[in-house]
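Within every chain, numbering begins at 1; the chains are lettered A, B, ... in the order of the sequence lines, protein sequences first and strands thereafter.
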Amino acid sequence: MAERIDVSIETRGAAEPAPAGKRHPNTCPACGSHYREDELRAAIWVCRQCGHHFAMRARDRIAWLADPGSFAEQAEDVRSADPLGFFDSRAYTDRIAEAEMATGLGDAIVVGSAAIDESPCELAVMDFAFIGGSMGGAVGEKFARACDAAAEHRVPLISIPSSGGARMQEGILALMQMPKTVVAIEELHAAGSPLFTVITHPTTGGVVASFAMLGDITVAEPGALMSFAGPRVVSGITKEHLPEDFGRAESNFRLGHIDAVLPRAELRPYLARLLRLFRGA
Amino acid sequence: MAERIDVSIETRGAAEPAPAGKRHPNTCPACGSHYREDELRAAIWVCRQCGHHFAMRARDRIAWLADPGSFAEQAEDVRSADPLGFFDSRAYTDRIAEAEMATGLGDAIVVGSAAIDESPCELAVMDFAFIGGSMGGAVGEKFARACDAAAEHRVPLISIPSSGGARMQEGILALMQMPKTVVAIEELHAAGSPLFTVITHPTTGGVVASFAMLGDITVAEPGALMSFAGPRVVSGITKEHLPEDFGRAESNFRLGHIDAVLPRAELRPYLARLLRLFRGA
Amino acid sequence: MARDDELRIRSRLGKLGNLPLLRGVAVTGELQRLQRQLRKLEQEPTSSSDEIWHSVQLARHQQRPYTLDYVERLLDDWVELHGDRARADDPAVVAGIGRFHGRTVALIGHQKGRDVAERVHRNFGMAHPEGYRKAMRVMELADRFGFPLITLIDTPGAYPGLAAEQHGQGGMIARCQATMARLRVPTAACVIGEGGSGGAVAFAVADRVFMLEHAIYSVISPEGCAQILWRDGAEAHKAAAAMKPDAGHCLDLGVIDGIVAEPAGGAQVNWDEAAFSLGETLRRAVAEVESLGPDERRAARRAKFRAMGATA
Amino acid sequence: MARDDELRIRSRLGKLGNLPLLRGVAVTGELQRLQRQLRKLEQEPTSSSDEIWHSVQLARHQQRPYTLDYVERLLDDWVELHGDRARADDPAVVAGIGRFHGRTVALIGHQKGRDVAERVHRNFGMAHPEGYRKAMRVMELADRFGFPLITLIDTPGAYPGLAAEQHGQGGMIARCQATMARLRVPTAACVIGEGGSGGAVAFAVADRVFMLEHAIYSVISPEGCAQILWRDGAEAHKAAAAMKPDAGHCLDLGVIDGIVAEPAGGAQVNWDEAAFSLGETLRRAVAEVESLGPDERRAARRAKFRAMGATA
Ligand SMILES: [Zn+2]
Ligand SMILES: [Zn+2]
């Protein structure tokens, strides 16, 4: 009668370096190696010492991934509104303006048409630097427009999320971006176009529980955290002892949630191969 | 690299009396109470002392379940052939003839149209007494014809399996009764008719891996064993220590595989309720 | 929504729409649009911060009717279905079929427990992935046999545990929404208590979505929001005022299609009356969307969610 | 099938059908019917008991090519897909997409291991329910994008373990068959080694089903049959003779649509030649069923399995 659901878990854990305290953004959190900006860029932001994958900005990623000159940004002018007149320590509108100044982005996602190895596709690339990659109205709308564009041109959509989850300053309308992106993917599929997803560190919350987990094929970068609840929330609320690789790409692979863990250097040929295979599908 | 699939299991077990050695068929294997045939019949073959559910013969079950006079048997003349000329200690054809003599049945299933509480339905009821309820060509064909009849009359099919699995004397053609019954259910669904399944003790092997587990709604009688591999096979091959209620209805319920464990006395009103709910669906 | 506000708005709308507006009748369709227009014209706040906090408390009231309390009052011939056909039956989610105003429907809802033992058993209404998988199975059954689907939402959120994460909590919630977006049968959802985050929206991709008058529907719990933004969970009152999870604001924002009036004092005061209100709303909603064909209905459902969000 | 028998039958059929019958070309369609008629006319046994046992041994030969060995030889741009999106990635089943004769196909197969470590890792090709669920996911992906589906069958059977049972082995095998019965894309299956029981048939509900010449396909392993009927697993030779799991008999019984010739001595002698034979057969089979429309093809597939079995 008062039995609870069986919650048998996988108990093994793999070693994964824990992030250290405050450090320079160009210092590797895993091995401490420090790099100049141009060194990191040349290494596509992967530590040459230990293989740690640094975060990659949306425009950097697109410039690296898309064939030169092929990217045509769409929906660039879409901005999140402030539907609640939200104010905590300061106004939400100020936070957005500040994020735009700091990142040069209109919101936490960049979308547009592109080609990879001469195969046409649509890209939807998130940027964690913009308010933690949180999903508000602009992210939802731009992702949905990317679905529309991919459906219209009958090309695959490549989605590269990185997000702390829904943007709480937009309240319930931020939550509604989950079904919004989900129905957009349904329409993408109805048009016959596939969705390929590349999970990058970190991808959590409402984004995991919506478009990030609906890829026809889903891969992740090494070490990327991908979980609905983050590790601090889980251990804080449930007091459970978490495996060291909780929520990481490697454990998600072992547990059947993604198709592959791909080092960044292999991503471009992998996506090019998928685009070839799905061309004219 | 050489990691195996995670096989974390539910380890709790519930007490379930193990069957004893040779005993009179009217002696309860759980509590030892002995009954006259008419007593058992009056109690729908449930032990009044401990609630143990004795096996119920197909015709007894139909007579008890269907409205009086409503059952019209179909495909009565279908018999299994002997496609391999199979012979072990004796000829398969002899085994069939003997089973027919002993049970008064053409094979291990009886199918036909009926009504329960005035709702029309199709019945497919197995009988373990006929070569262990094994599924050969006749069982597959008669089950498929029950699907056809239910589809044609747009009524639900109620399937009541009890089987040791595929009948090995028919070799590969016995295995083919699995996809045969599965495609028949697909056609049943295409016609808009539901399948309700009542698992009775024991239901294992190829029947569990085909029509027995494809019910839109599936219930089981208390204590009924329902597993793909039987407990002796599992413990024999894997040397695993099995919980006492391995494969029983109660553990299958806990593990999410069936909708309810229903004492026999509750079965008729439950099915009548389902038939009302799906009428004109 | 506060009692006074509600009565004032209902009275005005009654005149505007020239329609009978009885207690227990949801504000839907045209009326909903009129209501929003009216509010915007008047530029008056929907609910004060105290009124919002009052709803947060009522939404969590331990004597509030839960899903099975409504099932008992609204459905005949209820048959509860169990199990995800893979590894568990999650008691935090109930699902089944029954007769609703003479027709068969499927109903799925979060289920909280009433006493301590049942609360633990039901995991406080916080579902594991297995619960969402059970729900999807019953959604597909409803679709296969043409049963309209009703969902009742009442959860603090999906359970944030280790096993839940290992078994794919995020993906299961995503697929549950996708399943609802795919259904061809009429669907109606109502937040009856707490509509917490992804765990709630998993059941909310419906043709018509309602909230009980004192239900809340939010992207994060007020306590969670306070913890993050004010670094103090005790600032939940402030966080609720900022997030506006009450029914009035959700209606204003176009997130829901109507509000179901509760008995005076809240649903916990009179379960029968609350159930009657809810039943009337759901009955009308199903009838309303049933006039559309299956493809048209699904397209309209998708278009509704596609349009949600505030951009500039 | 024994070399001599095969050559004799092929030569006769070549005359009857007036069609080129080269090594590596499967016997399908009309030819299959002719072959069966011919055999029945002559009343000669297809294979002797020793020949059957020879096939049992070759089907299990540890140097026999496995699924990924064929993938390597038959597909370009192979992308293996992993995971059941619920709790595991089962290494006993491989699934993916790749280019086959210039077009994209999905391929699913059981996978045995070559050395001890890999054999343990692959669980000897015995899948858990999670493996069948991974397969269903990829089947649905193939259907969504119109990729023909190829399945390669090579398993002693589904794994009979406690966890497998608790996670719904029977139901998953049943649903895997149902999924294959639902697909609208062309499907072709081949038993490349051991086609053991329910674990094999889960992948075998295809438009065209083949066996390699020395593959076996059976309702129970010869050892299991011997254990039950002769109470002695060592009587497997006798059991195999009685069950007739060899390709010739399966073709005679109408269970498969054709036999893929192996290199002289067996597939283990020349993997490239075996792969070439298999590839030609699959290419022709897909082309053949592709001439039908999706609904017609699915109806024909269902009708084929609906008709199987021997009744009097
Ligand atoms: Zn490093
Ligand atoms: Zn007894």
Can you spot which of C:R297, C:E296, C:R298 makes a side-chain contact (heavy atoms from CB on, under 4.5 Å) with C:P294?
C:R297
Pairs touching residues 203-224 of chain A that satisfy ring-ring contact (aromatic ring centres under 6.0 Å, His included), sequence neighbours left out
A:F143-A:F211
Just give me the residue among [options] that pairs up with chain C most often, heavy atom to heavy atom, under 4.5 Å.
options	answer
A:S235, A:A212, A:A138, A:S80	A:S80
A:A144, A:G136, A:C147, A:A184	A:A144
A:T181, A:V207, A:D148, A:D77	A:D148

Would you mind telling me which of [options] has the largest number of heavy-atom pairs within less than 4.5 Å of chain A?
options	answer
C:P160, C:G195, C:G161	C:P160
C:S197, C:A181, C:C250	C:S197
C:A178, C:A239, C:A299	C:A178
C:Q169, C:Q177, C:R175	C:Q177
C:C176, C:G309, C:G170, C:A303	C:G170

Could you tell me which portion of A:R90 (side chain, backbone, both or neither) has an atom closer than 4.5 angstrom to a non-hydrogen atom of chain C?
neither
Do the charged groups of C:E118 and C:R122 touch, with an N to O distance under 4.0 Å?
yes
Within this structure, what is the CG-CE distance for the pair C:L229 and C:M243, rounded to the nearest 0.5 Å?
9.0 Å
For A:P179 and C:V205, work out which heavy atoms get closest and say how close.
CB-CG2, 3.8 Å
List the atom pairs, donor and acceptor, that lie under 3.5 Å between side-chain atoms in residues 215-222 of chain C and the rest of the protein, sequence neighbours left out.
| residue | atom | partner | partner atom | Å |
| --- | --- | --- | --- | --- |
| C:S218 | OG | C:I220 | O | 3.0 |
| C:S221 | OG | C:G224 | N | 2.9 |

